[in-house]
Amino acid sequence: MGGAEATEPGANSAASDGNGNDNNLPPETHANPTLVAALQRIAKEQAEDAEIIADMAPQGPTKPTNSSKFRDWLVLQEEPVMLCGMLEGQPYVQPIHSVAQYATANRHRDSYNGEYLGAIGDRDDEEDPGFVCLKKSLFEWQNVTLVDSTDDISEIATWFDGAENTEKYFNTSNAVMATEAVAIPKLAMIPAEIGLAIVSERCTPGSRP
């Protein structure tokens with residue numbers, strides 16, 4: 001994975017502690033090329049809001065007429081791009097990165113030839129991350145109706161405080177919903193700093209950082 005070695009923050013980075021570490025981000029690692037190390041470096045480069053906006057631009061702010069342009073852009077990236085979404089048959093949001101298009105010389109015999117793959121998890125001393133097949137429809141957008149109230153004391157904000165709800169979806173039956181639907185990507189591109197928080201901590205039951 002390209003660009004895994006961390007670099008010093010640029011002139012536009014947020015405040016530093018004097019040792020080259022951004023006070024708002026986790027400390028750098030200089031070990032083997034891992035997703036975490038790469039995201040740490042990218043997060044430093046995205047320390048300013050303008051940089052985040054620029055790096056998120058390829059997915060666009062509105063529903064596109066054709067999702068193939070963004071999909072093809074993804075497979076050309078040397079840096080890890082983090083996406084989040086729910087795969088078919090999975091009850092939890094999954095972080096997906098390193099999207100690639102599979103190709104083989106035996107393309108007429110291999111049913112996976114031309115399919116899009118995405119990695120879940122990070123490499124460690126023993127193994128590489130697992131890869132899953134991504135249907136082209138996952139790169140499209142969908143219309144959803146959002147919960148209208150999301151402040152810190154709202155029902156959705158406090159739902160997972162209850163131990164009985166840690167493995168349940170939020171129940172929207174009594175929630176105040178927005179009056180109009182909005183379009184969102186099924187696989188949403190997220191900033192590196194958020195990606196770091198996702199892969200650095202246990203987020204779903206049975207998962208490992």
Side-chain angles (χ1 to χ4, degrees), residues 1-59 70-87 90-102 116-134 138-139 160 166-167 184-209:
M1 189 184 310
E5 184 175 337
T7 59
E8 295 296 325
N12 294 325
S13 296
S16 171
D17 62 5
N19 296 318
N21 291 320
D22 188 327
N23 290 328
N24 298 319
L25 299 171
E28 297 175 343
T29 59
H30 296 271
N32 292 328
T34 64
L35 175 64
V36 168
L39 288 176
Q40 285 172 336
R41 183 181 58 75
I42 297 171
K44 287 184 178 296
E45 296 173 355
Q46 291 179 348
E48 297 291 337
D49 289 345
E51 295 296 329
I52 294 179
I53 293 171
D55 285 351
M56 298 297 103
Q59 190 161 45
F70 173 67
R71 186 179 67 232
D72 293 339
W73 174 85
L74 270 178
V75 302
L76 295 176
Q77 301 312 297
E78 295 182 0
E79 302 282 17
V81 175
M82 179 74 77
L83 306 166
C84 273
M86 296 182 71
L87 302 180
Q90 296 293 322
Y92 305 112
V93 173
Q94 295 277 9
I96 299 168
H97 62 94
S98 305
V99 174
Q101 188 172 25
Y102 178 74
Y116 291 86
L117 306 176
I120 295 179
D122 203 350
R123 62 167 53 91
D124 55 28
D125 293 336
E126 298 179 358
E127 58 185 17
D128 287 332
F131 279 81
V132 293
C133 188
L134 303 174
L138 280 173
F139 298 97
F160 295 104
T166 55
E167 297 187 28
I184 62 172
K186 294 180 181 179
L187 285 178
M189 188 176 171
I190 59 175
E193 187 173 353
I194 296 177
L196 270 174
I198 292 173
V199 301
S200 300
E201 299 180 10
R202 191 179 299 276
C203 298
T204 56
S207 68
R208 64 178 180 87

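Counting begins at 1 with the first residue of the sequence. Note: hydrogens, waters and symmetry copies are ignored here, and every other heavy atom, side chains too, is used. Note that this is a predicted model, so its numbers are computed, not measured.
- Looking at every heavy atom in both residues, P58 comes nearest to W73 through CG-CZ2, 3.4 Å.
- When side chains are defined from C-beta on, C84 does not count as touching L187, because their heavy atoms never get closer than 4.5 Å.
- Interatomic distance, CG of L39 versus CD of E193, reported as 11.0 Å (0.5 Å rounding).
- Side-chain contact between L74 and F139: present, with at least one pair of heavy atoms (C-beta onward) separated by less than 4.5 Å.
- Taking both residues in full, the closest heavy atoms of L76 and D72 are given as CG-O, 3.4 Å, listed atom of the first, atom of the second, then distance.
- The two residues Q59 and M189 have their closest heavy-atom pair at OE1-N, 2.9 Å.
- Checking V99, L134, L138 one by one against L83, the side-chain contact (heavy atoms from CB on, under 4.5 Å) holds for a single residue, V99.
- Between P95 and I190, the closest side-chain pair of non-hydrogen atoms is not below 4.5 Å.
- Counting heavy atoms from C-beta on, the side chains of R71 and Q101 never come closer than 4.5 Å.
- Residue P129 comes nearest to I120 through the heavy atom pair CB-O, 3.5 Å, listed as atom of the first residue, atom of the second, then distance.
- Between the CD atom of E79 and the OG atom of S98 there is a distance of 10.5 Å, given to the nearest 0.5 Å.
- Of the inter-residue distances, the one linking Q94 atom CD with H97 atom NE2 reads 11.0 Å to the nearest 0.5 angstrom.
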